[in-house]
Amino acid sequence: MIAANFFGPHFPYAVPAPYDTMYDPDLVKRWNNFDDQFINKPSIQQKEMLRWNASHLTWVDWQKVIAAYWGFCTYIDDQVQRILDCLKETEQWENTVIVFSSDHGDMLGSHRLFNKGFHMYEETHRIPLVISPSSKTQNASICEQFVSLVDLMPTFLELAGAKVPDHLDGQSLSPFLTNQEVTDWRDDVFAEFHGYESTLASVRMVRTKSWKYVYNPYSEDELYDMVSDPGELHNLADQLGYKHILRRMKERLVNWMRQTNDSIVDVEGWKNNPYDLYVSGREF
């Protein structure tokens, strides 16, 4: 297996010419969640904006940043194309599985935030994953299921004909590559954050097709209706009408935390009070 890693697109946006001026900033349409007022949201999100000195930036400022970022993406695309052309020229195209992905996204002014961080917004956690199997004869398709980077290891093992260990958190994606019907796939996806740079925060998230719940141990929890509010502007965690949704999402999260031996879940509290959820000593 050979991996090609690129620094970009990433801060700082040092984009080489002519890609740095490839896109017109004036044509960048305003994000629908740019004007987030952070009502009932963790205050640490606004502090992150201040840490990056981004609170004063207007949409015109962000248009310039986004246009440069898009140029950075196109620059990377062209480098990937060089690799694909080489595979064809050396007659390895037909027997090579190609996987394209990234480790995280970029807020790029969404919620007026910058780069990445502890927040669990779609912009940083919903990333591209493109897989081209060795057989290039089948038509391209879009997988609507929840997949994760932890699924890549079992996928590689199965494609190589190796044994896949039973204890892995991920599942092989190979059935999707051969258009097989999959009936027992997951209906949710999880993420966790353990702090970086000056942000010493611990955050957990569970996402279904309709809802997203974010557990912030030392700040406000978050609950978003991903169908009616895809921009994640309205935190419903403290709304009485959504308590039943909130509880179901918490149950999903705590069950996953127990299965993965998460250090912030109070397993004894759960055992002693099966109708309450305890995480980090805090009762839900």
Side-chain angles (χ1 to χ4, degrees), residues 42 44-45 48 99 101-105 116-122 124-127 129 145-160 162-176 182-224 226 237 243-284:
I44 192 174
Q45 293 186 9
E48 182 75 351
V99 180
S101 189
S102 65
D103 58 341
H104 61 81
K116 59 180 180 179
F118 55 87
H119 31 70
M120 294 289 179
Y121 289 123
E122 294 288 279
T124 54
H125 283 71
R126 188 171 184 175
I127 61 174
L129 175 59
Q145 302 292 340
F146 284 119
V147 300
S148 171
L149 293 181
V150 298
D151 296 324
L152 292 183
M153 176 185 174
T155 302
F156 294 155
L157 291 175
E158 183 168 343
L159 291 177
K163 178 177 175 55
V164 180
D166 296 330
H167 65 274
L168 298 181
D169 293 328
Q171 299 174 257
S172 173
L173 302 174
S174 60
F176 298 119
V182 182
T183 58
D184 60 345
W185 198 257
R186 65 176 73 99
D187 61 355
D188 51 24
V189 67
F190 301 87
E192 57 187 65
F193 176 83
H194 301 274
Y196 83 116
E197 295 176 355
S198 62
T199 309
L200 299 177
S202 188
V203 185
R204 305 292 185 270
M205 181 270 285
V206 56
R207 165 83 149 87
T208 66
K209 289 189 176 181
S210 300
W211 300 95
K212 175 186 288 185
Y213 167 63
V214 182
Y215 171 60
N216 298 287
Y218 305 105
S219 190
E220 294 85 355
D221 285 353
E222 299 167 83
L223 178 68
Y224 300 108
M226 301 306 297
K243 288 298 182 183
H244 61 298
I245 300 294
L246 185 65
R247 183 171 183 82
R248 289 206 301 265
M249 295 299 287
K250 288 177 177 178
E251 289 174 346
R252 281 180 182 262
L253 182 62
V254 172
N255 284 332
W256 173 75
M257 292 168 69
R258 293 178 65 199
Q259 294 170 14
T260 56
N261 298 315
D262 197 312
S263 61
I264 69 171
V265 67
D266 184 353
V267 178
E268 293 304 318
W270 173 283
K271 290 179 180 178
N272 297 331
N273 301 275
Y275 298 104
D276 289 321
L277 305 184
Y278 286 80
V279 176
S280 193
R282 170 180 148 197
E283 181 179 354
F284 289 129

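The structure displayed is predicted, hence computed values, not measured ones. Counting begins at 1 with the first residue of the sequence.
With a 4.5 Å cut-off on side-chain heavy atoms, L149 and S101 count as touching. Contact check for R248 versus H244: side-chain heavy atoms found under the 4.5 Å cut-off. By the 4.5 Å heavy-atom criterion applied to side chains, L129 and V99 are counted as neighbours. Proximity of L168 to M153: side-chain heavy atoms (C-beta onward) are separated by under 4.5 Å at one or more points. Put simply, the side chain of W256 does not reach to within 4.5 Å of the side chain of D188, judged on heavy atoms. Between V203 and S219, every side-chain heavy-atom pair lies at or beyond the 4.5 Å cut-off. Residues K212 and E222 are not in side-chain contact: their nearest non-hydrogen atoms beyond the backbone lie 4.5 Å or more apart. In this structure the side chain of L253 reaches within 4.5 angstrom of the side chain of Y213, judged on heavy atoms.
Remark: side-chain polar atoms of D151 are paired, donor with acceptor, to backbone N or O of Q171 under 3.5 angstrom.
Between D103 and K116 there is no salt bridge, since no side-chain nitrogen of the basic residue lies less than 4.0 Å from a carboxylate oxygen of the acidic one.
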side-chain contact (heavy atoms from CB on, under 4.5 Å) assessment of K209 paired with F146: CA-CA 9 Å; K209 289 189 176 181; F146 284 119; 3.8 Å; yes

Full working for side-chain contact (heavy atoms from CB on, under 4.5 Å) between S202 and I264: CA-CA 9 Å; S202 188; I264 69 171; 4.2 Å; yes

Derivation and outcome, side-chain hydrogen bond (donor to acceptor under 3.5 Å, both in side chains), residues Y121 and Q45: CA-CA 11 Å; Y121 289 123; Q45 293 186 9; 2.8 Å; yes

Intermediate values then yes/no, side-chain contact (heavy atoms from CB on, under 4.5 Å), T260 and F190: CA-CA 11 Å; T260 56; F190 301 87; over 6 Å; no

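Checking each of V214, I44, T124 against F118 for a side chain to side chain contact (heavy atoms under 4.5 Å, CB included) leaves exactly one that passes, namely I44. Partner R207 forms a side chain to side chain contact (heavy atoms under 4.5 Å, CB included) with one of M249, R126, M120, H125 and no other, that one being R126.
Closest of all the heavy-atom pairs between E192 and D262 is OE1-OD2, 4.3 Å. Residues E158 and S174 share a closest heavy-atom pair of OE2-OG, 2.8 Å. A pairwise comparison of heavy atoms in R186 and Q145 identifies O-OE1, 4.1 Å as the closest pair. Of all non-hydrogen atoms in L157 and V164, the two that sit nearest each other are CB-CG2, 4.0 Å. Counting all heavy atoms, side chain and backbone alike, L246 lies closest to A237 at CD2-O, 3.4 Å.
Considering only residues two or more places apart in sequence or on other chains, F176 meets the ring-ring contact (aromatic ring centres under 6.0 Å, His included) condition with W185.
Of the inter-residue distances, the one linking K250 atom NZ with I245 atom CD1 reads 12.5 Å to the nearest 0.5 angstrom. Summarising the geometry, atom CZ belonging to R247 is positioned 14.0 Å from atom CG belonging to L223; distances are rounded to the nearest 0.5 Å.
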